[in-house]
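Numbers restart at 1 for each chain; the letters A, B, ... are given by sequence-line order, proteins then strands.
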Amino acid sequence: MASPLTPRATDFPRWYQDVIARAELADNGPVRGTMVIRPWGYAIWERLQAEMDRRIKDAGAENAYFPLFIPQSYLQREAEHVEGFSPELAVVTHGGGKQLEEPVVVRPTSETVINSFIAKWVQSYRDLPLLVNQWANVVRWELRPRLFLRTSEFLWQEGHTAHATEADARAYALQILNDVYLQTMVDVLAIPVLIGHKTARERFAGATQTWTCEGMMGDGKALQMGTSHELGQNFAKAFGIQFSDETGAQQYAWQTSWGASTRMIGALIMAHGDDRGLRLPPALAPVEVIVLVIRDDEAVRAAADALVAELRAGGHRVRLDARTDVSFGRRAVDWELKGVPVRVEVGPRDLAEGNVTLVRRDNGTKRAVPLAGVASEVAADLVSAQADLLSSALAQREARTTVVASIEDVPAAAEDGFAVVPWELVGASGEATLAASGLSVRCLQRPDGSLATDAAPDDGGTPEPGLRAVVAKAY
RNA sequence: CGGGGAGUGGCGCAGCGGUAGCGCACCUGCUUUGGGAGCAGGAGGUCGCGGGUUCGAAUCCCGCCUCCCCGACCA
């Protein structure tokens, strides 16, 4: 039987687009670069949102909402920030049929508006830390859009915080990196991301430090999946965020900002998808178990209904597919395309022996299970499917990671994977050379993969020695 | 913005001077249903836009627009 998708090995980008179309995740919008997120894709996003939102709140941040429109002049208050974002701004010049006195930009990110309010709200060291998060859409006029990975409008969360000291700000940026992003990506998305800090070249516009999570996709390329920035006092000075400390002296606050977006769905597709479609980690699957009625038969239907009820009572997200006017093969293929982790097939042949068939999406295994044992088998399958997706992604990353000892060996090693090389051998000039051949330094980290404690912002001291650079092609 | 390519039913394509067709999808009916069912019937298109050549243009000519792929930017 012909595959419903272009095989990954034939044309990975084409495969990616095919999966999005066939799994009904998204469509291109009418305006270039915009995206319609379809119900199946949005349900995945809602689960991801819920998992992140809980962790964000555990980290002490509160949700709020700020306006979509920002006065253009706000962007200009922070020099690097405006320089970084100007090329991709959408600017509104007319409203209500008249030209506006001051154009407004559609937010590309909200540091400027949010900080202008934080400036109002912070007076004393007792107001700190101030921790807000917002779930919103943002617009960046991208030159080369790709669904989920780089769309002109995307959904994300952006956190913005103010702290009394640099150490507090750094600790919080790292707390978000570890307890929100790393945890969500590993435990929920089942993607074994690398964490580290960005080089000055790759840093967020206006930040003194950018911490990142980098995932490896199925073709060996890297994807930046979430970032947590230390903003130093850049925005505090630009927006006048000052407070009286314990001694009564005026101080500028130290800040962070951090964001992760619908791009993670692109990562999910590319990290776990196979030639049959999406493979969803159970933690994210809108439907964990599909109960498929093979034939229109009274006993079969009754058994299927009972199973659905039992599995739901066990706390699983279950859907019944009793569309017996559609052929079995068609329905099986459709649910595989959508990536539902476990399929329970209920048909007269198995049922005559008191069995149903359990099929796992992640590894394709199929087995007959007695009715009485279905609930516990399904529960076990969901747990191991979650774990196995993570471990196979990890194995794949390790197989495609090469440690090299000279910068000359980097391009070959990064051809279809990650090259790891001492940062001392690369440096800013080596980084520029690599960039010319389509490679970038994804992050810097210690040789054991841990974070550098003194990541050396531009203005402070010498970089920690012995760091390694992870180099790859990137999305 | 530089280099390539393409615009024809929902999607993918053929047709390249004589008035539009194929596959998939869709609708109806019957037979099917344990890995994308079969047969029969049916609906759907100002051939990207504007102008020109011609008895006649999807097809040839001129202009414009849009989209896709490869580079510089990016969650």
Side-chain angles (χ1 to χ4, degrees), chain A residues 1-6 11 13-14 17-18 21-22 27-28 30-33 35 83-89 107-110 136-146 148-159 181 185 198 201-205 207 210 212-215 222-229 257-267 276-277 292-297 300 321-337 343-353 355-357 359 364 366 368 432 435-438 440 473-475:
Chain A
M1 179 199 334
S3 163
L5 304 167
T6 303
D11 184 344
R14 179 78 183 277
Q17 289 181 14
D18 284 355
R22 300 300 304 275
D27 261 329
N28 281 301
V31 172
R32 178 183 162 75
M35 168 169 64
E83 190 186 335
F85 282 103
S86 301
E88 51 190 35
L89 291 180
R107 63 181 165 219
T109 179
S110 304
N137 57 340
V138 287
V139 169
R140 300 179 187 179
W141 217 256
E142 296 291 351
L143 300 176
R144 288 196 54 204
R146 294 189 72 188
F148 290 115
L149 299 178
R150 201 184 308 104
T151 46
S152 297
E153 177 191 7
F154 57 91
L155 306 183
W156 76 345
Q157 62 63 221
E158 50 177 323
Y181 295 155
M185 288 166 199
K198 288 289 188 186
R201 181 192 178 91
E202 300 282 332
R203 199 176 286 157
F204 176 76
T210 290
T212 183
C213 294
E214 299 284 326
L223 183 70
Q224 178 173 310
M225 292 174 59
T227 46
S228 184
H229 314 288
S257 72
W258 25 281
S261 71
T262 38
R263 172 181 275 188
M264 287 185 288
I265 295 177
R276 287 171 168 252
L292 202 153
V293 174
I294 291 177
R295 275 170 180 269
D296 190 12
D297 171 282
V300 168
D321 183 350
R323 299 171 300 159
T324 47
D325 55 332
V326 179
S327 75
F328 166 79
R330 161 61 60 107
R331 290 181 290 147
V333 166
D334 282 350
W335 291 115
E336 282 170 359
L337 280 165
R343 183 168 74 241
V344 182
E345 301 174 354
V346 188
R349 215 159 65 198
D350 283 337
L351 209 53
E353 298 167 19
N355 292 335
V356 296
T357 300
V359 188
K366 230 179 234 203
S437 51
S440 55
K473 293 180 185 169
Y475 278 97

I'd like to know if [X] reaches the base of [N] with its side chain, counting only an N/O donor and acceptor under 3.5 Å.
X	N	value
R343(A)	G35(B)	yes
S327(A)	G35(B)	no
K366(A)	G35(B)	yes

Checklist line | Each stem that RNA chain B is part of, given as range with range (3 or more consecutive Watson-Crick or G-U pairs, under 3.5 Å) | finding: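 RNA chain B forms these stems: B:1-7 with B:65-71, B:10-13 with B:21-24, B:26-31 with B:37-42, B:48-52 with B:60-64.
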Notebook entry, point to check: So, the side chain of R140(A) versus the backbone of E153(A): is there a donor-acceptor pair under 3.5 Å, distance only?
Noted result: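 Flag not set: sc R140(A) to bb E153(A) has no pair under 3.5 Å.
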Next item on the list: Spell out, as yes or no, whether a donor-acceptor pair under 3.5 Å connects the side chain of N137(A) to the backbone of V139(A).
Entry: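 Side chain of N137(A) to backbone of V139(A), a donor-acceptor pair under 3.5 Å: no, none is there.
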Next item on the list: Quote, to the nearest angstrom, the C1' distance that separates U32(B) from G17(B).
Entry: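 It comes out at 48 Å once rounded to the nearest Å.
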Item checked: P atoms of U59(B) and C16(B), separation to the nearest Å ->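 One P to the other, the span is 13 Å.
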Check: Measuring from E345(A):CD to T357(A):OG1, what's the distance to the nearest 0.5 Å?
Finding: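 Separation between the atoms: 5.5 Å.
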What N/O pairs connect the protein and nucleotides 3-6 of chain B at under 3.5 Å? Give each pair on its own line.
none

Margin query: Is the shortest side-chain heavy-atom distance between R295(A) and V300(A) below 4.5 Å?
Written below: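 A side-chain contact is absent here, since even the closest heavy-atom pair is not under 4.5 Å.
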For nucleotides 71-75 of chain B, which of its nitrogen or oxygen atoms have a protein nitrogen or oxygen under 3.5 Å away, and what is each distance?
residue: G71(B); atom: OP2; partner: R144(A); partner atom: NH1; Å: 3.3
residue: C74(B); atom: O2; partner: R150(A); partner atom: NE; Å: 3.2
residue: C74(B); atom: N3; partner: R150(A); partner atom: NE; Å: 3.1
residue: A75(B); atom: OP2; partner: Q224(A); partner atom: NE2; Å: 3.4
residue: A75(B); atom: O3'; partner: Q224(A); partner atom: NE2; Å: 2.5
residue: A75(B); atom: N6; partner: T151(A); partner atom: N; Å: 3.1
residue: A75(B); atom: N6; partner: T151(A); partner atom: O; Å: 3.0
residue: A75(B); atom: N3; partner: S261(A); partner atom: OG; Å: 2.8

Next item on the list: Examine R22(A) relative to W335(A) and say whether NZ or CZ is less than 6.0 Å from the centre of the six-membered ring and inside a 45° cone about the ring axis.
Entry: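 Judged by the rule, R22(A) and W335(A) form no cation-pi pair.
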Notebook entry, point to check: Would you find more than 12 non-hydrogen atoms of other residues, nucleotides or ligands less than 6.0 Å from R323(A) atom CZ?
Noted result: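 Counting other residues, nucleotides and ligands, CZ of R323(A) exceeds 12 neighbours.
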Checklist line | Phosphate-side-chain proximity, R22(A) and G12(B), N/O vs OP1/OP2 below 4.0 Å | finding: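 Negative; the distance criterion is not met.
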Next item on the list: Please work out whether the ring planes of W258(A) and Y181(A) are parallel, tilted or perpendicular, with thresholds of 30° and 60°.
Entry: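 Aromatic pair W258(A)/Y181(A) classed perpendicular.
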Checklist line | Proximal nucleotide (of G35(B), G34(B), C69(B)) relative to the A332(A) side chain | finding: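 That would be G35(B).
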Notebook entry, point to check: Of the candidate nucleotides G35(B), C69(B), U33(B), which contains the atom at the shortest distance from the side chain of V359(A)?
Noted result: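 Nearest listed nucleotide: G35(B).
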